[in-house]
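Lettering of chains follows the sequences in order, A, B, ..., and the numbering in each one begins at 1. What you are looking at is a predicted structure, and each value in this text was computed from that prediction instead of being measured.
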Amino acid sequence: MKLLEYEAKRILAKYGIPIPRGGLAANIAEAREIAQTLKPPLVVKAQVPVAGRGKAGGILFAESVDDVEKAVNKLFNMQIRGIPVRSVWIEEKVNAKRELYFGMTVDRLNKTYVMIGSTEGGMEIEEVAEKAPQKILKFPVDPLYGFRLYHARQMAKRMGYSGNQLSAIANIFYNLYRAGVDYDAELIEMNPLAETPEGNFVAMDARIIVDDNALFRHPEFKERPLEGEFSPQEVEAAKNDLAYVKLDGDIGVIGNGAGLVMATLDAIQLYGGKPANFLDVGGGAPSEKIAAALRIVLSDSNVKALFINILGGITRCDEVARGILKAREKLGIEKPMVIRLVGTNEEEGKRILTEAGIQVLDSMEEAARQVVEVARRL
Amino acid sequence: MKLLEYEAKRILAKYGIPIPRGGLAANIAEAREIAQTLKPPLVVKAQVPVAGRGKAGGILFAESVDDVEKAVNKLFNMQIRGIPVRSVWIEEKVNAKRELYFGMTVDRLNKTYVMIGSTEGGMEIEEVAEKAPQKILKFPVDPLYGFRLYHARQMAKRMGYSGNQLSAIANIFYNLYRAGVDYDAELIEMNPLAETPEGNFVAMDARIIVDDNALFRHPEFKERPLEGEFSPQEVEAAKNDLAYVKLDGDIGVIGNGAGLVMATLDAIQLYGGKPANFLDVGGGAPSEKIAAALRIVLSDSNVKALFINILGGITRCDEVARGILKAREKLGIEKPMVIRLVGTNEEEGKRILTEAGIQVLDSMEEAARQVVEVARRL
Amino acid sequence: MGIIVGKETKAIVQGITGAQGSFHTKLMLEYGTKVVAGVTPGKGGTTVHGVPVYDTVEEALEKHEANASIIFVPAPYAADAAMEALENGIKTIVIITEHIPIKDSISVMAYACQVGATVIGPNTPGIITPGECKLGIMPAHIFKPGKVGMVSRSGTLTYEIAAGLTKKQLGQSTCIGLGGDPIVGLNFIEVLKLFEKDPQTEAVVLIGEIGGNLEELTAEYIVKEKYPKPVVAFIAGRSAPPGKRMGHAGAIIMGRAGTAETKIEAFKKAGVEVAEKPSDVAAMLEKILNDKLAR
Amino acid sequence: MGIIVGKETKAIVQGITGAQGSFHTKLMLEYGTKVVAGVTPGKGGTTVHGVPVYDTVEEALEKHEANASIIFVPAPYAADAAMEALENGIKTIVIITEHIPIKDSISVMAYACQVGATVIGPNTPGIITPGECKLGIMPAHIFKPGKVGMVSRSGTLTYEIAAGLTKKQLGQSTCIGLGGDPIVGLNFIEVLKLFEKDPQTEAVVLIGEIGGNLEELTAEYIVKEKYPKPVVAFIAGRSAPPGKRMGHAGAIIMGRAGTAETKIEAFKKAGVEVAEKPSDVAAMLEKILNDKLAR
């Protein structure tokens, strides 16, 4: 779950990390009120959960309360990567002598967290990572003893800090780690972390992605609205514990297992078709979940034909078959369906569908070829 | 820091451990109000930080609100081990089919925490521990991975539980551990933990001692009044970071290091004297701390003579000497003092005292003999 | 033969009384896997398909000898179940459960490393040495004994490709699903090392997907160690748009590394044949093994 | 000779710029201890009594060879300092700091055990091998080289008894303060084992106090292993009233075990002579060593 900038910043502040003075506004009145308590120059930032917001015009500057009103008006009439702006964070502009990067993410190879720091932070950090990897400091965390203050000092030291700055920035690094672990973050980062001309440090921007699988430990995010961040289909999918990603083609795809669904998309593309979505029902989906998957995919009006590709392991083919029938009955599906169904309880599944007059294929590639053909003819 | 029963129970409840329904009252009106919300029979329990409260008459039973009033009146006019009762906890009486013990403390030998369980809990648990140690289950906690739910289940299993009770009691054990670690407990225990005729579990009594050295991590206890729990001298000592215990003799004792002070008390007793207190100034005490120690010891009117026994390591003899002079000047001390001062900066310390006309001895046992002699003559 | 599991494997099933645990215990027993005991807290004393159930792993191991565990315990408790098995000395652990928090998996892997145990998963279909032992949830009928080792990050895609092999009479020595999570126990390189030492395995199929850089590192390993057995790879996610999230964190595309293109490129550079679609794998493998025979 | 520290010891001082750290660095240098570097975060680049100061242990060890560390860091940070030294490969650590939370000490000891390091303390006066190396805060002039090993739970009481020995010309091989906290690194039994192997040590003085049951366990060990060197014990706290708390958790009396009586009884049963007052120790030891010589 991607948190918004202001949520991430409030968490950082709770862990003692300096952030610019600021406040959240959902309308002009609130914005003016907040702006009056702050010392210009100010920054007005659209709260949308997408990267590259700055380049898309989502960050504006203001010298006065009236300026802020103008900026907020502009942002509220804007969509960033298709997402409407519903709130803004207004804060005092930080004078950065230097922009650093500091974050934590998951280190798959070492099977632990990894802390990442760079003295060349800012919008181009990804370019730095690619072109000058030696400027990125990576520090895998001992999974038993964690990232400790002295590790933070070692990193700070390697990044060239000493004296009072050493302790100040090491504390920020250490507290970022604590926040990340406490909040089950897949990613937590400050980019940029500003060094001011006075030698202080302030987190100018912050990002947190909470591990979706750990949300049961964080009930505070349970009631968080998903609207605005995701398409209606994605919201519906999340509610049904389905993994859905909207794409721009016309063949609706449902499968079990991320790898198989990806390979299904690849096959459709290979035969010249264009998938309308990625939808993984996961392992062991009961019939209700299959029905929900069909409902979600079909709610996308671009979909001309449907491809259901199930290879049962923990998922049972009979459950899938029942789900398809349930959804067909309830939704009155008329769009053509190509179904491929093999694996656990395959015979029973095929029997159910065949008796209901639905044809079932054995080969995924043959099925992909057929669905591309069907969609092309429509 | 010893928490009171109600504080311990509220912490347990926060961690999901069932406790009897109840409330805290500091006066009769509050007591009646709470009693009205509870279902009799009720228990009225004096909130004092001493063990053996039940045997001392600090726990009374009540069948009605009027009964509660009588009980509270009685308790508020009572001292338990010299401590006046200032508040009572009123709760619904638990019907216990069986009284268990479960707790966590520090395992010095294994250098970790140890979980302790017994199906023979209640007031006689210490007797059980001595006479039938096989009935006490000890489970050292892995310092790296902690006490996990399955460890709790292993203990519950060995204590004879299975089925739904297994999970219920294992969760209680596990949550007690979590509470203990989170609150830096030196000791956390439920005694008794009741098993009701219906097979449920309820913590009838609870005790938590928080590691004094970890109080900086628990600011919620910072403002907790020490009065009532400790003598005025003990409160004053705690404020000055001194370790003071009142005893019942007439020779005031000040020394550095718990072992040395204990050996000093032993020596006084060996020569037929009776120490008035234990006071350890700890390591590296500055002169102000020495002065505070003198003030505290002399505020006990039983004290006839003073024995200061300092063997300087991290403590500097010159600092001690200055502290003694400071206190003598400020307090106008007239009671006889026997001073033994050797170790770090010994020459300087002796010079300071000798110049001020105070005699300093080298041998602790000689000094002990002298102070006993001086006190006897007074 | 094959690797990690075989005729000598004696398994316990943790979470045996749940719907999935019970269902797949039945299938594993039918396949011939020696399931000696089950564990579900609070359900001790019952049986599931004739397998006795205990409250704790400790108790199960007092009564039965076992050297492996397969875990169907729900996600919030699954890591704890794995720790319980590890602490009780079990050295092969298959975690079927998906949706385990990353933080929990990190602890499990650290513990496993400390005690020298092998963890497969989480979020894996498990492992099968066809004809000997199935410790997993894969549909057994698509596998048959043979000389191809399979290792995959994807569950169903493995079945897809295994079915293709079997249809062409290319049996498998052992098939392993590494698991789809960001943190998993075994990785490609470790499995390649085991296959290298296994006399039954003559070629390896490696099934990767977008996300992470383990495929790239594996390609490096193959070059550096001059890996002696032929490897055929398939990478899912060629059509994935960059930056989109495909089902789980394992499929987040991170920068330029981690795309299907970088992985395919890395393998091709390492002399590994890369299949365009799942069904190509069997054909390519057939040719490699025939050529080998001809030599 | 002696144990743990000696001429070969090269130490760093963590928390060297604090009042205690700086003061005792001076005294240690004067005693001849090889203090090669100091560490205080944020104070790197300065010097204390000629000893160069670094921000991290890592950095200090890049520039200097060291095999021991003595820690004066304030309690909330002291455990972290110990972990830093351990992680950087230092195998002998003396923690002078008192008031470290029990929870923190538990972590340090677990880590030390894992990496095979020796921790003395916390809340200890340290260790001294007279004439060779002092890694601690004890007043040096009361010690002199000799053949008596000393091990104690109490700081100042050790000086008391050591001074008595020295006055009678009974020098010491090594004196160790185990530390007054509930959780400390080295314990009596471990030190007895080291003294057993040390050719210089001919007798051992063991100074215990009320609280805990380590003295009782040590007595058991002496009996069971037929400990070959003579041991004289002193136990502080005979006059302590039961249940009263004497200065720190180390002195809580727990049930019947842990009183001075149980400890004295246990030692007497184990054939260990127990002194009634501190000054008796030297006299008893003198007699034992003379008897030994006579035999």
Side-chain angles (χ1 to χ4, degrees), chain A residues 15-18 100 102 104 107 110-117 119 137-182 193 195-196 198-201, chain D residues 12-18 37-47 52-63 69 71 73-90 93 95 97 100-101 103-115 117 119:
Chain A
Y15 282 81
I17 297 174
L100 315 174
F102 198 83
M104 172 181 111
D107 180 340
N110 292 310
K111 298 169 192 174
T112 182
Y113 295 109
V114 59
M115 311 307 293
I116 301 168
T119 50
L137 190 60
K138 289 181 189 169
F139 198 104
V141 175
D142 182 314
L144 292 182
Y145 298 94
F147 182 74
R148 296 183 160 255
L149 201 43
Y150 63 86
H151 295 130
R153 286 194 293 260
Q154 285 177 8
M155 288 189 80
K157 195 80 210 171
R158 288 183 210 164
M159 284 164 72
Y161 289 98
S162 61
N164 291 338
Q165 281 195 312
L166 179 87
S167 297
I169 199 170
N171 273 315
I172 291 173
F173 292 174
Y174 176 62
N175 288 328
L176 190 86
Y177 165 77
R178 290 199 307 123
V181 169
D182 288 353
L193 170 66
E195 182 181 347
T196 67
E198 300 78 33
N200 299 321
F201 301 98
Chain D
I12 62 169
V13 177
Q14 291 178 260
I16 193 169
T17 55
V39 174
T40 298
K43 296 282 167 66
T46 61
T47 63
V53 179
Y54 300 89
D55 286 320
T56 63
V57 173
E58 182 182 47
E59 214 193 342
L61 297 187
E62 274 164 18
K63 308 277 170 60
S69 176
I71 295 176
V73 171
Y77 311 104
D80 216 50
M83 302 288 268
E84 184 177 1
L86 289 168
E87 186 175 312
N88 282 283
I90 290 181
I93 308 224
I95 309 176
T97 310
I100 297 180
K103 194 159 73 179
D104 298 4
S105 293
I106 288 176
S107 287
V108 171
M109 300 318 157
Y111 195 12
C113 172
Q114 210 178 31
V115 299
V119 175

S.K.: What pairs with D:Asn88 under side chain to side chain donor-acceptor pair (under 3.5 Å), at least two apart in sequence or on another chain?
M.R.: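 For D:Asn88, no residue satisfies side chain to side chain donor-acceptor pair (under 3.5 Å) once neighbours in sequence are set aside.
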
S.K.: Among side-chain atoms of D:Glu87 and A:His151, is any donor-acceptor pair under 3.5 angstrom?
M.R.: yes

S.K.: Of the backbone (N, CA, C, O) and the side chain (C-beta and beyond), which part of A:Tyr145 lies under 4.5 Å from a heavy atom of chain D, both, or neither?
M.R.: side chain

S.K.: Any chance NZ of A:Lys157 has more than 12 other-residue heavy atoms, nucleotides or ligands included, within less than 6.0 Å?
M.R.: yes

S.K.: For the interface with chain A, which of D:Lys43, D:Glu59, D:Met83 has the highest count of heavy-atom pairs at distances below 4.5 Å?
M.R.: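 Max contact count across the listed options: D:Met83.
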
S.K.: Taking side chain as everything from C-beta outward and backbone as N, CA, C, O, which of these in A:Ser162 sits under 4.5 Å from a heavy atom of chain D? Side chain, backbone, both or neither.
M.R.: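 Both parts, heavy atoms under 4.5 Å.
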
S.K.: Give a yes or no on whether A:Asp182 atom CG has more than 12 heavy-atom contacts from other residues, nucleotides or ligands under 6.0 Å away.
M.R.: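 Yes - once you tally the heavy atoms of other residues, nucleotides and ligands closer than 6.0 Å, there are more than 12.
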
S.K.: Which heavy atom of A:Ser167 sits nearest to which heavy atom of D:Pro41, and what is that distance?
M.R.: OG-O, 4.2 Å

S.K.: Going by heavy atoms in the side chains, are D:Asp55 and A:Gln154 under 4.5 Å from each other?
M.R.: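 Answer no - side chains too far apart.
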
S.K.: List in chain and number order the residues that pass side chain to side chain donor-acceptor pair (under 3.5 Å) with A:Asn175, two or more places apart in sequence or in another chain; answer none if no residue qualifies.
M.R.: A:Arg178

S.K.: With A:Tyr150, which of D:Thr56, D:Asp80, D:Val57 fulfils side chain to side chain contact (heavy atoms under 4.5 Å, CB included)?
M.R.: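 Result: among D:Thr56, D:Asp80, D:Val57, D:Asp80 is the only option passing the side chain to side chain contact (heavy atoms under 4.5 Å, CB included) with A:Tyr150.
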
S.K.: Could you tell me whether D:Tyr77 atom OH has more than 12 heavy atoms of other residues or ligands within 6.0 Å of it?
M.R.: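 Not buried by this count: 12 neighbours or fewer within 6.0 Å.
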
